[in-house]
Amino acid sequence: MRGKPMRWFGGLAGVVLVAAACGGTPASTASSSPSASPSSSPSAAAKLFIPMISKGFQHQFWQAVRQGAEKAAAQYNVTITFEGPENESQVDKQIEMLQAAINKKPNALCFAALDSKAAIPLLQKLKDANIPVIGFDSGVDSDIPVTTAATDNIAAAAAAADKMATLIGGSGDVAIVAHDQTSRTGIDRVKGFTDQVKNKYPNIKIVATQYGGGDQLKSTDITKAILQANPNLKGVFGANEGSAIGVLNGVKESNKVGKVVVIGYDSGQQQMDAIRAGTEAGAITQDPIGIGFKSVEAAWKVLNKQSVPKNIDTGFHWYDKTNIDAPDIAALLYK
Amino acid sequence: MRIGSIELTPARRTTLMRSDAVQRLLAFAALIVIVVIFSLLSPNFLQFDNVVGILLATAVNGILALGVTFVIISGSIDLSIGTVMTLSSVMTAVFITEWHMPVPVGILAGVATGALAGLVNGTLVAKLKIPSFIATLGMLNVAKGLALVVSGLKPIYFNDTPEFNRAAMGSVVGGVIPGLDIPNLVLVLFGCALVAGLILTTTVLGRFTFAMGSNEEAARLSGVNVDAWKMAVFALAGVFSGIAGVLIGARLNSAQPSLGQGYELDAIAAAVIGGTSLSGGEGSILGTVIGAFIISTLTNGLRILSVPQEWQTVVTGGIVIIAVYLDIVRRRQQQ
């Protein structure tokens with residue numbers, strides 16, 4: 001589905017009907033796999049079938065997770081599908097996707113819960129059917145998942161707070177522009193950053209925490225309003241990629257480049273360019289490819305009766321101008 | 001029910017205008033009240049930079065609202081304007097960065113993409129008789145899907161054509177009057193509003209837009225080619241979506257394929273707050289522009305005061321309800 005040839009779809013009218021036919025649910029199948037779903041018994045003849053229900057689909061972060069998952073699928077010779085709702089508030093859509101995946105009688109299932117409690121009845125069903133569940137990206141409040149491959153977002157955001165404290169000299173006003181106040185990652189990152197500042201840096205004050213849904217334009221306007229209301233602001237933390245891009249944009253439009261320390265999260269071309277140019281001090285990167293790879297790998301291991309730890313910490317790293325091109329960091333960044 | 005041909009007589013239209021004027025006056029008064037309140041509550045509100053911020057934040061929504069005002073007055077609805085904007089933005093990026101069209105040509109082609117999508121909407125509604133709510137809901141998804149397909153799920157950056165961003169964010173006004181750095185993007189908003197106002201009040205298209213919305217059957221019986229004019233109205237909305245797409249691309253210096261949904265509701269809200277009647281036949285461009293400013297001013301002010309996000313949403317929603325209620329009261333008095 002990806003790649004440049006599709007851009008030749010320039011003639012809009014001609015493809016409207018085609019797209020209308022497939023425009024409903026964004027879903028995709030790993031390129032190596034047949035579309036028919038194999039039966040439930042893991043035999044040597046049939047490939048193992050492991051659907052992945054993600055929290056999102058169209059953001060680059062999820063594309064990187066998918067990339068890692070496909071890599072593992074190829075390596076372990078299993079069939080995966082990767083799908084997720086359009087945005088991180090569509091809990092109901094995700095539950096439907098989970099239900100549909102269960103109906104295909106998978107061998108195992110990887111699941112990144114939008115709302116960890118909402119999915120429990122369905123997960124129980126999987127448990128009753130002896131289908132192992134692997135959590136990825138964020139945990140589920142339940143014992144059902146055999147393991148969870150995820151970033152410790154609280155620790156990662158706390159690390160961002162430490163960097164912020166160093167960069168602004170240990171005192172002053174800072175603000176947070178986050179993506180969502182109800183999703184797990186939104187809650188954890190705001191909490192991680194806020195708690196660290198409260199506990200460790202009494203001279204730093206978080207004067208505003210606002211949410212732009214990860215929408216670059218809204219986050220831009222939010223940042224400008226925060227800067228307007230707090231002329232002495234020393235730093236802003238953008239808690240996901242879209243938020244960080246909005247923060248960068250808002251700082252630029254307010255002519256505060258160089259006066260306000262910007263710290264971001266995840267990567268993407270725009271943040272990487274800004275970090276290289278020095279307009280963004282640095283960012284926390286997770287290991288999205290690792291998250292995808294390790295969750296499929298864990299599923300394979302479980303199905304082959306190998307032991308897996310209860311939590312797989314996929315790690316996070318601070319990167320800035322000095323190490324953005326270092327091989328171990330560059331491998332984690334997506335454009 | 002009103003009887004058809006009467007709608008077209010000058011006297012009747014004057015009354016309509018006059019009742020519109022009441023709502024416009026109310027909306028304008030509300031805007032002033034909002035500005036005064038925020039100015040009293042925060043010294044940072046009524047400052048040049050922040051006013052520019054509000055103007056910028058109004059531009060995209062305001063231009064989308066101009067288009068949808070025509071559609072609503074004509075008695076239909078267009079839910080696709082937000083994602084058609086996104087598609088136009090992505091296509092503009094493809095035209096400029098992939099096909100290497102000169103920037104002005106790429107902009108025109110991007111706007112044409114919007115117009116084409118609008119024309120498809122118009123055809124679905126006028127020729128295939130699909131209710132506009134459903135037809136444009138379909139287009140919402142088609143445009144959203146196409147934007148993702150064409151972009152390969154990734155933002156496309158205008159890094160090789162910095163003049164694109166400069167054209168929108170630079171300031172012609174600032175060049176003439178030093179210090180008055182109002183970005184050109186804001187001038188585009190006012191230019192579009194002026195053109196839209198002239199079309200609505202002085203052209204045949206405008207007159208028939210009102211006529212169709214007041215009583216479609218009567219308009220048809222009086223010899224108006226309703227199908228053709230309806231298509232024109234939707235195409236016009238598409239043009240404005242296209243312009244909004246170009247502007248959002250220029251402001252973010254990138255085409256972001258995953259935003260856009262939800263923008264249609266803000267635009268419809270702006271039109272309704274400004275006195276455009278959802279039952280058709282009534283509305284004005286001035287009202288819509290004021291409505292758009294009410295939304296962006298309110299959002300900006302609440303952000304500056306650091307009102308919690310959830311309450312910001314509640315307040316904005318409440319304003320829409322009050323506006324519609326006032327509209328209903330006014331209509332009742334008229335009868």
Side-chain angles (χ1 to χ4, degrees), chain A residues 1-4 6-13 15-17 19-20 22-24 26 56-60 62-63 86-87 175 181 207-218 220-222 224-231 242 245-246 249-250 252-255 268-270 273 334-335, chain B residues 42 44-45 47 49-50 52-54 56-57 60 87 91 94-95 98-99 109 113 116-117 119-120 138-139 141-146 148-155 157 159 169 183 248 251-254 256-263 296 299-306 308-310 312:
Chain A
M1 288 293 283
R2 278 170 296 157
K4 292 189 177 179
M6 291 311 263
R7 294 193 185 166
W8 288 96
F9 270 47
L12 173 71
V15 292
V16 158
L17 286 176
C22 61
F57 178 75
Q58 61 204 34
H59 289 97
Q60 294 178 75
W62 297 112
Q63 289 298 313
E86 282 142 13
N87 67 56
Q181 61 195 131
V207 290
T209 301
Q210 299 206 25
Y211 301 85
D215 177 314
Q216 293 85 351
L217 187 65
K218 282 184 190 151
T220 302
D221 289 329
I222 286 176
K224 291 181 77 169
I226 293 176
L227 288 169
Q228 183 68 30
N230 306 281
I245 290 168
N249 220 17
K252 187 177 137 211
E253 286 187 8
S254 306
N255 292 319
Q269 186 72 52
Q270 222 158 333
D273 288 349
Y334 55 88
K335 283 185 182 174
Chain B
S42 168
N44 296 312
F45 179 77
Q47 289 187 7
D49 283 346
N50 196 47
V52 170
I54 293 173
L56 272 175
V60 166
L87 179 61
M91 290 311 295
V94 170
F95 293 140
E98 304 267 319
W99 293 11
T113 308
L116 193 60
L119 201 61
V120 172
M139 180 56 82
N141 282 314
V142 170
K144 179 173 159 180
L146 281 178
L148 291 168
V149 169
V150 172
S151 65
L153 300 157
K154 287 178 177 180
Y157 302 98
N159 286 343
M169 298 305 293
I248 199 171
R251 189 167 173 209
L252 296 174
N253 199 31
S254 57
Q256 298 285 348
S258 54
L259 52 67
Q261 194 169 2
Y263 282 50
S296 54
T299 314
N300 173 279
L302 294 171
R303 278 174 185 158
I304 287 209
L305 295 179
S306 285
Q309 192 97 3
E310 51 275 32
Q312 293 182 18

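Labels below follow one simple rule: chain letters A, B, ... track the order of the sequence lines, proteins then strands, and each chain is numbered from 1.
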Between [X] and chain A, which part of the residue has a heavy atom less than 4.5 Å away: side chain, backbone, both or neither?
X	result
B:Ile248	side chain
B:Glu310	both
B:Ser254	side chain

Interatomic spacing from [atom1] in [X] to [atom2] in [Y] - rounded to 0.5 Å:
X	Y	atom1	atom2	answer
B:Asn44	A:Gln228	CG	CD	5.5 Å
A:Gln63	B:Leu153	CD	CG	4.5 Å
A:Thr220	B:Leu252	OG1	CG	5.5 Å

Nearest non-hydrogen partners of [X] and [Y], listed with the distance:
X	Y	value
A:Lys224	B:Gly53	NZ-CA, 4.0 Å
A:Ala225	B:Ile304	O-CG1, 3.7 Å
A:Val207	B:Ser306	O-OG, 3.8 Å
A:Asp221	B:Arg251	OD1-NH2, 2.9 Å

Interface moiety of [X] toward chain B, non-hydrogen atoms closer than 4.5 Å:
X	value
A:Gln270	both
A:Asn255	neither
A:Lys335	backbone
A:Asn249	side chain
A:Ile226	neither

Of all of A:Thr209, A:Leu227, A:Asp215, which one pairs up most often with chain B through heavy atoms under 4.5 Å apart?
A:Asp215
Out of A:Glu253, A:Gln269, A:Lys252, return the one with the most heavy atom pairs under 4.5 angstrom to chain B.
A:Glu253
Candidate pair B:Tyr263 and A:Leu217, rule side chain to side chain contact (heavy atoms under 4.5 Å, CB included), full reasoning:
CA-CA 11 Å; B:Tyr263 282 50; A:Leu217 187 65; 3.7 Å; yes
Using only atom types and a distance under 3.5 Å, with no angle test, would you say the side chain of A:Gln210 pairs donor to acceptor with the backbone of B:Arg303?
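Looks like yes, one N/O pair under 3.5 Å.
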A:Asp273 versus B:Asn159, side-chain donor and acceptor atoms under 3.5 Å
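B:Asn159 vs A:Asp273: donor-acceptor pair found between side chains.
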